[in-house]
Colleague: 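Mind looking over this structure? Questions follow.
From a predicted model like this one, the values you see are computed outputs, not experimental measurements. In each ligand, atom 1 is the first atom listed, and ligand 1 is the first ligand listed.
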Amino acid sequence: MSEAVIRTATTSPSLLASLDPLLREWLPRQRWFAGKGRPVTGFTLVAATELLPGGGKLGLHHLLVRAHQPPALGTSPQPGDCYQLLIGVREALPPRLAPALIGHAAEGPLTGRTVYDALYDSRPAELLLEALRTRARIGGLRFERDPGTEIRDGLVPRLMTAEQSNSSVVYGDTFILKLLRRIVPGVNPDLELPLALAREGCARVPAPTAWIRAELAGEAYVLGVLQPYVQGAADGWELALRELAKGEDFAAEARALGRATAEVHTALARALPTATLGHAQLELLVGGMTERLDAAAQAVPSLRPYVPALHSAFEALADLAAEGRTWTAQRIHGDLHLGQCLRSPGGQWSLIDFEGEPSKPLAERRMPQPPVRDIAGMLRSFDYAAHSADLAVPGWTETCRAAYCSGYAEVSGVDPRTDPVLLRAYETDKAIYEVVYEARHRPDWLPVPMAAIERYVTSDLT
Ligand SMILES: Nc1ncnc2c1ncn2[C@@H]1O[C@H](COP(=O)(O)OP(=O)(O)O)[C@@H](O)[C@H]1O
Ligand SMILES: O=P(O)(O)O[C@H]1O[C@H](CO)[C@@H](O[C@H]2O[C@H](CO)[C@@H](O)[C@H](O)[C@H]2O)[C@H](O)[C@H]1O
């Protein structure tokens, strides 16, 4: 592909006149749409860049659009989330692109044209890789690459169809490009942390090869990250379910995962600032947990009967802080679960997706936090797997917990079980997050975190 193709003009803002009615229908149906349950009432264009000339049959527009929505019940009006879209325009879609259809424009400059999600299409996807390879600058978009890496020509793209918070394209089983969908200004941990880990020589995380940034109205955005694709990998979730289906335990893998988590934590603590959390910081931390619980109970009525008992897990932590206990905080993964762990055919584990919990503000996701928070995420995940399997294997979750914590202690020297109050508070906080996540995205899964909530309010710390 010639470089001339990717020189651009700025997309006309009037494009939105064509897209607005189509996006109102299409956007809320996307898995990665964060504002589920509230209608979209309109859009504003934050940035628009034409990646291919629109005069012919094929037009390609890179858009950042802000979706306006009424505020959630009991919350104050917010500016609306900003989404990254790659919009293709054709006269008609070939059958292979049917799943990509956004709609047929009936007004504005695209009247009569077919509009689609261009990530499904090979030429636009190739163009993104080519732009990264050549370190292109297109309008406000900056395609950057680690100078020590190479991207070869001719890698064939395919869009991943897995349910994701973002969208990823795999190139020839060599690279994977994650395009972030909900965009916020600032340093994105999904690029920041893997880069820091690569600098530390940590082999547990694929090192970023290239990335897409934007400078818009004085704000910096990370829009996408390209990294090596771990060929033939299975994720921890698939593997755990496979073992459960055979009635087998998962102890050896859980232990290896504990070791991998500790390696990543140790490298992050070396690479980036750490902090000591004393009484004042713990008050804020416990305050955050308590607020999230109250907000979750507002959003999900079935949580309400458990609220008073759940508060006590957080109060127990506040009591320890009041007695003068302190904790070390550092940068962590922030949303660790079995689906974020990939095992190569050779048995090596990698951790991916350092974005943190997408619904939390970036500043909060980038704060040093107790590493137990990631551990709690993984422990919740073993519980999820055991509850999702068709076959109940007695003691499966407990064996995984023990093996994972032992593996973690072998590498880091710290066994998370020696701080049960902190661990319980974080497991509770995570289960509350999951209740909201499932109610919003996968209501059929709501019983899984609800069962954990029920257990936490009736069981002692173990
Ligand atoms: N480096 C990689 N090698 C192989 N597969 C990967 C890699 N990175 C991500 N994946 C696959 O892509 C999926 C989505 O990636 P992830 O970073 O979790 O995106 P999201 O933030 O959209 O959930 C993962 O579950 C995994 O199957
Ligand atoms: O899309 P992400 O991977 O960033 O994470 C979100 O989606 C996850 C589900 O896909 C969700 O994880 C929950 O379900 C998993 C099983 O599907 C389970 O392993 C996790 O323990 C459980 O939290 C995650 O919370 C959410 O942020």
Side-chain angles (χ1 to χ4, degrees), residues 30-34 84 119 158-182 188-191 193-194 198 203-209 222 224-241 244 250 257 333-345 348-360 365 373-389 397 400 404 426-427 429-442 444-452:
Q30 305 313 301
R31 155 78 197 257
W32 40 265
F33 177 67
Q84 174 172 214
L119 272 186
R158 73 181 152 86
L159 180 67
M160 286 196 51
T161 49
E163 293 274 283
Q164 277 184 255
S165 305
N166 298 287
S167 296
S168 298
V169 181
V170 176
Y171 292 94
D173 277 1
T174 304
F175 293 110
I176 179 165
L177 172 66
K178 170 149 94 174
L179 275 198
L180 300 172
R181 286 301 198 165
R182 193 168 71 91
N188 192 305
D190 222 358
L191 177 59
L193 296 186
R204 294 281 147 251
V205 174
T209 307
V222 172
V225 180
L226 183 82
Q227 53 171 242
Y229 184 72
V230 184
Q231 283 186 31
D235 73 39
W237 177 254
E238 290 166 49
L239 289 172
L241 290 189
L244 273 159
F250 193 59
L257 279 167
H333 179 284
D335 189 17
L336 196 58
H337 57 80
L338 281 164
Q340 315 281 37
C341 306
L342 300 180
R343 203 189 65 164
S344 71
Q348 294 295 312
W349 283 100
S350 303
L351 307 192
I352 56 164
D353 194 6
F354 283 75
E355 193 186 11
E357 284 172 5
S359 60
K360 294 221 166 93
R365 290 190 253 150
R373 196 167 147 219
D374 280 347
I375 293 159
M378 281 299 292
L379 298 182
R380 289 285 318 116
S381 217
F382 296 130
D383 183 54
Y384 251 76
H387 274 82
S388 312
T397 313
C400 286
Y404 180 77
Y426 272 112
E427 283 186 86
D429 189 46
K430 182 71 187 183
I432 291 164
Y433 164 84
E434 289 166 345
V435 165
V436 177
Y437 180 87
E438 302 303 1
R440 198 174 282 163
H441 296 278
R442 307 184 296 191
D444 291 353
W445 289 62
L446 190 53
V448 181
M450 284 305 297

Colleague: When the ring planes of Phe354 and His333 are compared, do they come out parallel, tilted or perpendicular, using 30° and 60° as the limits?
Modeller: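 Correct class here is tilted.
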Colleague: In terms of relative ring orientation, are Trp237 and Trp445 parallel, tilted or perpendicular, with 30° and 60° separating the classes?
Modeller: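 Geometry flag for Trp445 against Trp237: tilted rings.
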Colleague: Looking only at protein heavy atoms, which one is nearest to atom 14 (C) of ligand 1, and how far off is it?
Modeller: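 Ranked first by proximity to atom 14 (C) of ligand 1 is Gln164 NE2, 3.3 Å.
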Colleague: If you count the atoms of ligand 1 from 1 in the order shown, which ones are under 4.0 Å from a heavy atom of Leu342?
Modeller: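 The list of qualifying atoms is 2 (C), 3 (N), 4 (C), 5 (N), 6 (C), 7 (C).
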Colleague: Who's closest to atom 21 (O) of ligand 1 heavy-atom-wise, of Lys178, His337, Arg181, Arg31?
Modeller: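 Heavy atom nearest to atom 21 (O) of ligand 1 belongs to Lys178.
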Colleague: As an exercise, identify every atom of ligand 2 less than 4.0 angstrom from a heavy atom of Ser165.
Modeller: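 Going through ligand 2 atom by atom, the ones under 4.0 Å from Ser165 are 1 (O), 2 (P), 4 (O).
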Colleague: To the nearest 0.1 Å, how far is atom 5 (N) of ligand 1 from its closest protein heavy atom, and which atom is that?
Modeller: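 The answer is Tyr229 CE1, 3.4 Å.
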Colleague: For Pro206, take its heavy atoms, then give the atoms of ligand 1 lying under 4.0 Å from any of them.
Modeller: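 So the answer, numbered in order with elements, is 1 (N).
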Colleague: Using distance alone, decide if ligand 2 has a nitrogen or oxygen within less than 3.5 Å of any nitrogen or oxygen in Asp353.
Modeller: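 Yes, there is a polar N/O contact under 3.5 Å.
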Colleague: Nearest protein heavy atom to atom 10 (N) of ligand 1, by residue and atom, and its distance?
Modeller: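 Atom 10 (N) of ligand 1 sits closest to the protein heavy atom Ile176 CD1, 3.5 Å.
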Colleague: Look at atom 25 (O) of ligand 1 and say which protein heavy atom is nearest, naming residue and atom and giving the distance to 0.1 Å.
Modeller: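 Protein heavy atom at minimum distance: Gly339 O, 3.8 Å.
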Colleague: Have a look at Arg442, His337, Glu434 and point out the one with the heavy atom closest to atom 14 (O) of ligand 2.
Modeller: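 Ranked by closest heavy atom to atom 14 (O) of ligand 2, first place is Arg442.
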Colleague: Taking the minimum heavy-atom distance to atom 19 (O) of ligand 2, which of Pro358, Ser381, Ala240 ranks first?
Modeller: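 Looking at heavy atoms only, Ser381 sits closest to atom 19 (O) of ligand 2.
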Colleague: Go through ligand 1 atom by atom and flag the ones less than 4.0 Å from a non-hydrogen atom of Ser165.
Modeller: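 Atoms satisfying the 4.0 Å criterion: 20 (P), 22 (O), 23 (O).
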Colleague: Taking heavy atoms and a distance under 4.0 Å, where does Asp190 meet ligand 1: side chain, backbone, both or neither?
Modeller: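 No part of Asp190 comes within reach of ligand 1.
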Colleague: Could you check atom 18 (O) of ligand 1 against the protein and tell me its nearest heavy-atom contact, residue, atom and distance included?
Modeller: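 Nearest neighbour among protein heavy atoms for atom 18 (O) of ligand 1, to 0.1 Å: Asp353 OD2, 3.1 Å.
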Colleague: Is any N or O atom of Trp237, backbone or side chain, closer than 3.5 Å to an N or O atom of ligand 2?
Modeller: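 No: no nitrogen or oxygen of Trp237 is under 3.5 Å from one in ligand 2.
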Colleague: Verify the neighbour count for atom CZ of Arg204: are there more than 12 heavy atoms of other residues, nucleotides or ligands below 6.0 Å?
Modeller: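 For Arg204, atom CZ is crowded (more than 12 foreign heavy atoms under 6.0 Å).
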Colleague: Rounded at 0.5 Å granularity, tell me how far CD in Glu357 sits from CD in Glu434.
Modeller: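 Nearest 0.5 Å value for the CD-CD distance: 8.5 Å.
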Colleague: Considering only heavy atoms of Gln227, which atoms of ligand 1 have at least one such atom less than 4.0 Å away?
Modeller: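 In order of numbering, the contacting atoms are 1 (N), 2 (C), 7 (C), 8 (N).
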Colleague: Where does Gln340 meet ligand 1, judged by heavy-atom distances below 4.0 Å: at the side chain, the backbone, both, or neither?
Modeller: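 Gln340 to ligand 1: side-chain contact only, backbone stays beyond 4.0 Å.
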Colleague: Could you check whether any side-chain heavy atom of Asp335 comes within less than 4.5 Å of a side-chain heavy atom of Pro358, counting everything from C-beta outward?
Modeller: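 SC-SC contact between Asp335 and Pro358 confirmed.
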Colleague: Among protein heavy atoms, which sits nearest to atom 3 (N) of ligand 1, and what does the distance come to when rounded to 0.1 Å?
Modeller: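 Its nearest protein heavy-atom neighbour is Val230 N, 2.8 Å.
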Colleague: Using non-hydrogen atoms of the residue, decide whether Ala162 is closer than 4.0 angstrom to ligand 1.
Modeller: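 Ala162 does not count as a contact of ligand 1 under the 4.0 Å cut-off.
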Colleague: So between Ile352, Leu180, Asp235, whose heavy atom ends up nearest atom 26 (C) of ligand 1?
Modeller: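 Checking each option, the heavy atom nearest atom 26 (C) of ligand 1 is found in Ile352.
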Colleague: Under 4.0 Å, heavy-atom basis, I'd like to know which part of Pro228 is in contact with ligand 1: side chain, backbone, both or neither.
Modeller: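 The answer is the backbone of Pro228.
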Colleague: Would you mind checking which non-hydrogen protein atom is closest to atom 13 (C) of ligand 1, with the distance to 0.1 Å?
Modeller: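 Going by distance alone, atom 13 (C) of ligand 1 is nearest to Met160 CE, 3.8 Å.
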Colleague: What about Asn166: any of its N or O atoms under 3.5 Å from an N or O on ligand 1?
Modeller: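 Between Asn166 and ligand 1 (N or O atoms, distance only) the closest approach is under 3.5 Å.
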